Every structure is written in structure tokens, then in C-alpha cells.
Amino acid sequence: MMMRQVLQDFSHSLARSGCVVLALWKFPRRLVSPAMFCSFGRVCWGKGELQFLPFDVLLIYVLGKVVCDRLQRYKRGAKMTTIHWFRKGLRLHDNPALQAAVADNFELRPVFVLDPWFVSNARVGKNRWRFLAQTLNDLDVTLKAIGSRLYVIRGKPEEVFPKLFEDWKVQKITWEVDTEPYARSRDEKVEKLARECGVKVVSLVGHTLYNTEKIIATNLGKTPLTYQSLQSLVAKMGPPPYPVPALSSLPTSCIIQPQAPSGSTYNLPSLSELGIDESELGPCLYPGGETEALARLNKYMERKSWVCKFEKPKTSPNSLQPSTTVLSPYLKFGCLSPRTMYHRLIEVYKGSNHTQPPVSLLGQLLWREFFYTVGATTSNFDQMEGNPVCRQIPWIRDEKKMKAWEFGQTGFPFIDAIMTQLRKEGWIHHLARHAVACFLTRGDLWQPWEDGMKVFEELLLDADWSLNAGNWMWLSASAFFHQYFRVYSPIAFGKQTDKHGDYIRKYLPQLKKFPDNYIYEPWKAPLSVQKAANCIIGQDYPRPIVDHDIARKTNLDRMSKAYAAGKNKKSSAGSGPPAKKSRK
DNA sequence: TCGAAAGTTGCATAG
DNA sequence: TCTATGCAACTTTCG
């Protein structure tokens with residue numbers, strides 16, 4: 001009994017130090033054969049249990065367990081296998097988890113799981129499915145170039161992995177950390193299953209500049225709620241890690257021979273398998289994949305002066321060609337590493353005067369980091385209710401208004417043109433998102449920001465959970481931004497950068513022939529002008545859904561009341577500063 | 001603890 | 001065409 005106690009204590013202490021724990025008395029035969037034990041010399045075997053095991057031999061046994069296990073497998077002719085599970089992080093450059101996958105020289109199985117949850121629960125529109133399919137294809141091509149391939153598995157991760165672990169005799173699985181709620185619960189399940197199957201799990205940060213947990217720890221456990229506070233935190237932490245080298249070749253031991261034949265069940269998904277009718281797709285302006293992402297990054301980084309002078313608020317929301325980089329979809333899927341982009345920007349900036357965050361290009365990466373950090377640590381971040389950072393505002397759902405906005409039928413050409421571009425092309429400029437989000441919520445239609453967020457989630461190529469929810473709260477003055485009296489005008493705002501309305505003419509061709517002075521407000525045009533433009537308002541194009549001036553005033557009043565109610569609630573709850581007296 | 005300062009990017013108008 | 005200012009007054013952060 002005493003020996004057993006010693007063994008138990010020893011194995012517990014090993015467990016605490018992170019070593020593999022062996023339940024010796026439960027299944028010694030399965031782990032190592034008696035013959036192999038004997039090769040250590042001094043171990044006695046009896047009645048299915050270990051007996052009289054000297055301490056030093058135990059130590060040798062424990063430390064040598066992995067070696068024994070491998071030896072046994074090699075004797076059987078089986079090889080060691082590692083799965084790298086691609087989810088986001090769909091790239092070979094700067095992929096710490098993928099590097100970790102090849103570190104042990106085991107056979108590598110790069111896997112992507114086509115999870116039915118995303119088909120039924122996530123709102124993924126046609127354009128984003130296409131982007132993903134292209135990205136997977138690109139990944140497969142680049143993996144093939146180094147002697148591997150992508151294995152696409154259909155099914156729920158928690159169901160497919162135990163089978164894969166068994167079929168492929170997997171020792172290790174690696175993946176990139178994902179902080180979104182669904183990903184977290186999914187990964188917890190898979191991690192538990194892996195441990196039960198004796199598979200080692202390695203998850204590493206690669207999707208954000210920093211480990212969001214470290215940012216929170218630097219802020220003494222609190223979530224930063226302003227961009228500036230995030231900026232001072234990351235200033236304390238120093239620059240983000242340098243990108244790890246791209247996986248440009250595979251060690252021979254990682255290459256599986258023979259390769260699974262093409263036409264196998266692991267094939268890439270076709271568009272029709274994803275439920276996409278190709279004939280319904282518009283032209284592909286932003287093809288998915290790491291190759292395109294790096295080419296795009298290079299193209300922009302070559303424009304040194306443009307990069308150094310970049311100020312986001314000065315770029316145009318309604319230019320005919322994007323006035324910004326459109327790297328966001330590539331960052332969203334991890335075709336591009338934010339750390340690679342960060343350090344490339346630092347290189348370009350070197351020795352030159354350049355703009356600063358928040359408006360600079362580097363500042364845009366910090367915005368992404370800000371919303372990822374808040375999103376990772378705030379409960380119900382994508383909802384109003386139960387969300388501690390979100391102001392409770394009594395939005396009034398109106399399906400007609402919502403549909404009009406969603407399908408570009410509000411009667412405000414600037415808003416409708418933006419929504420048309422979004423639906424067709426999957427990308428709109430950041431300030432265009434501001435204009436339509438403000439219009440839908442506090443500006444004009446008084447619809448809940450969550451509903452707008454869902455439409456963006458479906459239609460945007462770069463729909464990114466944290467950024468989408470965070471920005472919708474921002475624009476609706478529900479969190480982060482509080483100057484609700486600053487309302488974007490659906491008429492005046494677009495004129496600043498496109499006074500002739502070329503953008504409107506491109507996306508709403510029915511208004512093409514309106515003269516410049518009516519293009520933003522066609523309902524004001526005399527009937528003769530409408531007839532000459534071959535477009536009668538109320539017939540060929542809708543009348544405005546609201547009177548902007550009246551809606552704005554009504555909504556300002558509603559916002560003011562919602563803010564006051566929030567303040568009262570806070571002060572009566574005894575938290576936060578006491579309510580100030582109204583200055584009115 | 002509390003007051004002051006600051007906060008990615010508004011609009012309309014006057015000069 | 002560009003810039004300054006009033007509008008009305010929010011929240012978070014910082015010292």
C-alpha cells in the first residue's frame with residue numbers, strides 16, 4: 001500500500017507540473033508491453049498490477065514513456081501524426097500553431113472542418129462562401145507545393161475528431177486561438193475529447209497582434225473601454241511579436257506517402273455543395289486566399305508615401321474604386337497575419353514622417369485589436385440585453401423599415417447605393433458603414449443595432465464578430481461613442497466626397513440621368529426633371545421613407561431620454577458616479 | 001475622490 | 001474652397 005501511495009503522490013506531482021500522467025495500475029499492459037518493461041531491467045510484473053517498482057525505475061519509466069510508446073508504434077510500422085486544424089488563420093506565413101504542428105517531425109494532416117453550425121446558425125452570404133471556398137483552394141495549392149494537402153472534413157468538430165484521432169493514430173493537434181463565443185465552447189469540447197484520447201493539444205495566438213488575455217492582465221483584469229486606454233496598454237507591452245517564418249517546406253518525416261487520392265472524401269467544397277448558385281454571383285472583386293492577401297499587402301506597402309500619409313477619416317466612402325486597402329476580408333479569415341502587416345508598416349514608416357493612430361493604417365490594426373479585446377471579455381457582446389457595456393435603448397422594430405434599409409429601398413440614394421454595393425460586392429468603405437448604420441439606428445429609422453449587425457454579418461466579406469458588434473454599438477451610440485447628437489446626414493455626408501453623385505449613378509442606374517443638384521434628393525426634383533431623367537419618384541424609385549430633419553429631431557430626443565434613463569438606473573443601483581443635474 | 005480633459009472621422013453657417 | 005465656430009453636453013480616463 002505504501003508503494004502505491006508513493007506512486008500516486010509522484011504521479012500527482014507530475015500532473016501538477018504538466019507532465020503526462022500514467023494511471024499505472026489501471027492499464028499498464030496497454031501502454032507498454034511486459035517485454036518492454038523487462039528491457040528496463042528491474043521491473044517485476046504480477047497479477048496485472050505493478051509491484052515493487054523502485055522509485056528510480058519509475059522515473060525512468062515515466063520519462064521514457066513517450067519513447068516506449070513511439071518505439072512500439074514504429075515496431076508496428078505505424079507513424080506519429082499531428083493534425084493542424086485550420087479555422088481562421090488560413091495561411092502558411094506567420095502561423096505559430098502550424099509551426100508547432102511540424103516541430104515534432106510527425107506526419108502532418110492539415111485539416112479544415114466544414115462545420116454544419118456555420119451553415120445553419122451563422123449568417124454567411126454567397127460572397128463570403130465564395131471567398132472561403134477560394135481561400136481553401138489557395139491553401140490546398142500552397143500546401144501541395146510543400147508536399148502536403150488540405151483535408152476537408154464534413155461534420156461537427158466534436159463528432160469528427162475522435163474518429164480522426166483513432167483512424168490516423170493522432171498524437172497531437174494544433175490550432176490557432178479563437179476568442180469568439182462559439183469557437184471557445186467548440187474548442188473546449190474538442191480539447192476535452194483530445195485529452196480523453198491521449199492527444200496533446202497546442203493552441204497558440206496568431207489572429208490578433210497580442211494575446212488579448214495579456215492585454216486584460218496588463219489592465220489589472222479590467223476590459224479597456226476606450227481606444228486610448230488600449231493604446232496606452234499596448235505601449236506598455238511593447239511591439240507585438242515578430243511574425244514566425246512562413247512554412248516554406250516540410251520536413252520529409254511530415255510528408256504522408258502515399259497521398260490520399262484525389263476524389264476522396266477529403267476534397268475541397270464546391271460552391272454548389274455550399275448551396276451557392278454560381279450564376280447568381282456577381283464579379284469577384286476580392287478573391288480569397290493567402291496568395292491574394294500577400295499580393296495585396298505588397299501592392300499597398302510599395303506605395304510608401306500613400307501609407308505614410310494615410311488618414312482614415314480623409315479617405316472617401318463613395319469613390320468608385322476603394323480608397324482604402326480592402327485587406328479586412330483577408331485579416332478576418334487570417335489569410336493575412338496582423339503581425340505581418342504591423343511589422344511591414346513599421347518597416348515602411350522607418351525614417352519617414354507618418355500619420356499616427358487612430359487615423360493611420362497601423363491605427364486601423366489597433367482598432368481591430370480594441371474590438372477583439374472587448375469582445376473577448378464582455379458577456380453577450382453581440383446583444384443589447386445582458387451586455388454590460390451596452391446602453392439599453394428602446395428601439396422599435398419595424399419590419400417594413402428594416403427591409404427597406406436592407407434592400408436599398410429607403411428613398412435616400414446615398415444610403416441605397418451603399419446597401420446595393422454591399423449586397424453585390426460584399427465590401428463597403430468604413431465611413432459608408434457609418435452612414436448606413438447611423439441611418440438605421442439613432443439617425444433616422446430607430447431600428448435595433450442588432451438587426452443591422454445581422455445584415456452586415458450576412459453580406460460583408462469581412463464580417464468579423466467582434467468588430468461588427470463593436471462598431472454597431474459605436475454607431476448607434478450604445479457603447480464606446482456617446483456624442484449621439486452628431487448625426488450623419490444621408491444627404492449632405494456623401495456630397496463631401498462625391499458632389500456629382502457618380503457613386504449613386506453607378507449603383508442605382510435608375511437615377512443616372514438626374515442632374516447633380518437632385519441626385520442626393522431626387523424627390524425634390526420637379527416632375528419635368530423626373531420625366532426627363534426617365535425616373536418618376538414613387539414609381540421607379542421610392543420616395544424617402546422618413547423626413548430626415550423630423551426623424552433626426554425625434555430620435556435625438558429619444559436618445560437623450562434613453563441616456564437619462566441609463567444614468568438614473570446607474571445612480572439608483574448605487575454604482576458609477578451620481579447623476580449630474582440636468583443643465584436644461 | 002473628484003474635477004478636468006479628451007474622445008477615429010457631424011452639420012450648418014459665416015467669414 | 002477652406003477653416004473656425006456653435007450646436008448641447010455625453011462617457012471614460014487620468015492625475
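The model shown is predicted, which means the values in this text are computed figures rather than measured ones. Side-chain atoms are counted along with the backbone in the values below, which use heavy atoms only and exclude waters and symmetry mates. Sequence lines set the chain letters: A, B, ... in the order given, protein chains first and strands last, and positions in each chain run from 1.
- For Asn471(A), taking side-chain heavy atoms from C-beta onward, the closest of the listed nucleotides dT8(B), dT11(C), dT9(B) is dT8(B).
- Arg433(A) is linked by a salt bridge (Lys or Arg N to Asp or Glu O under 4.0 Å) to Asp462(A), counting only residues two or more places apart in sequence or in another chain.
- Distance, Lys553(A) NZ to dA12(B) P: 11 Å, rounded to whole Å.
- Interface residues of residues 214-232 of chain A facing DNA chain C, ordered by number: Leu225(A), Thr226(A), Ser229(A), Ser232(A); criterion, heavy-atom separation under 4.0 Å.
- Between Phe412(A) and the options Phe493(A), Tyr488(A), Tyr541(A), Trp523(A), a ring pair (Phe, Tyr, Trp, His ring centres under 6.0 Å) holds for only Trp523(A).
- Distance, Leu362(A) CG to dT8(B) C1': 14 Å, rounded to whole Å.
- Partners of Thr420(A) according to the side-chain hydrogen bond (donor to acceptor under 3.5 Å, both in side chains) rule, which considers only residues two or more places apart in sequence or in another chain, do not exist here.
- The stretch residues 363-388 of chain A comes close to DNA chain B through Trp367(A), each having a heavy atom under 4.0 Å from the strand.
- At whole-Å resolution of the value, OH in Tyr484(A) and C1' in dG7(B) are 16 Å apart.
- One side chain, Thr315(A) or His429(A), offers a donor N or O that lies under 3.5 Å from an acceptor on the other.
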Worksheet, complete the sentence: Pairs under 3.5 Å (Watson-Crick or G-U), crossing ones as [ ], inter-strand ones as |: DNA chain C comes out as .||||||..||||||
Side-chain donor-acceptor contacts of residues 530-540 of chain A below 3.5 Å, not counting sequence neighbours, with atom names and distances?
| residue | atom | partner | partner atom | Å |
| --- | --- | --- | --- | --- |
| Gln530(A) | OE1 | Ile537(A) | N | 2.9 |
| Gln530(A) | NE2 | Ala525(A) | O | 2.9 |
| Asp540(A) | OD2 | Ile536(A) | N | 2.7 |

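- Shown here are the side-chain contact (heavy atoms from CB on, under 4.5 Å) partners of Gln364(A), two or more places apart in sequence or in another chain: Phe310(A), Lys312(A), Trp367(A).
- Taking atom P on both nucleotides, dA8(C) is separated from dA6(B) by 23 Å, rounded to a whole Å.
- The base of dT12(C) has none of its N or O atoms less than 3.5 Å from a complementary donor or acceptor on the side chain of His482(A).
- Residues passing the salt bridge (Lys or Arg N to Asp or Glu O under 4.0 Å) test with Arg558(A), sequence neighbours excluded: none.
- Between Ile428(A) atom CD1 and dT9(B) atom P there is a gap of 19 Å when expressed in whole angstrom units.
- Taking the six-membered ring where the residue is Trp, the centroids of Phe131(A) and Tyr330(A) are separated by under 6.0 Å.
- Annotation: dC7(C) and dT8(B) have their P atoms spaced 25 Å apart (nearest Å).
- Judged by a 6.0 Å distance limit and a 45° cone about the ring axis, Arg391(A) is positioned over the six-membered ring of Tyr563(A).
- His343(A) contributes a side-chain N or O that, together with a main-chain N or O of Pro240(A), makes up a donor-acceptor pair within less than 3.5 Å.
- Between Phe370(A) and Phe480(A), a ring centre-to-centre spacing shorter than 6.0 Å is recorded.
- Residues forming a salt bridge (Lys or Arg N to Asp or Glu O under 4.0 Å) with Lys236(A) (at least two apart in sequence, or on another chain): none.
- Going from the C1' atom of dT1(B) to that of dC14(C) covers 13 Å, rounded to whole Å.
- Using a 4.0 Å cut-off on heavy atoms, the residues of residues 487-499 of chain A that approach DNA chain B are Val487(A), Tyr488(A), Ser489(A), Ala492(A), Phe493(A), Gln496(A), listed by number.
- Rounded to an integer number of Å, the gap from Leu233(A) CG to dT12(C) P is 16 Å.
- For the salt bridge (Lys or Arg N to Asp or Glu O under 4.0 Å) test, residues two or more places apart in sequence or in another chain that qualify with Arg423(A) are Glu406(A).
- Here Phe456(A) pairs with Trp472(A) under the ring pair (Phe, Tyr, Trp, His ring centres under 6.0 Å) rule; sequence neighbours left out.
- A straight line from NZ of Lys561(A) to P of dC10(C) spans 15 Å, rounded to a whole angstrom.
- Here dT11(C) presents its C1' atom at 15 Å from CE of Met473(A), a figure rounded to the nearest Å.
- Put simply, CZ on Arg552(A) is 7 Å from C1' on dC11(B), counting in whole angstrom units.
- Contact between the side-chain N/O atoms of Arg486(A) and the OP1/OP2 oxygens of dC11(B) is not found at any separation under 4.0 Å.
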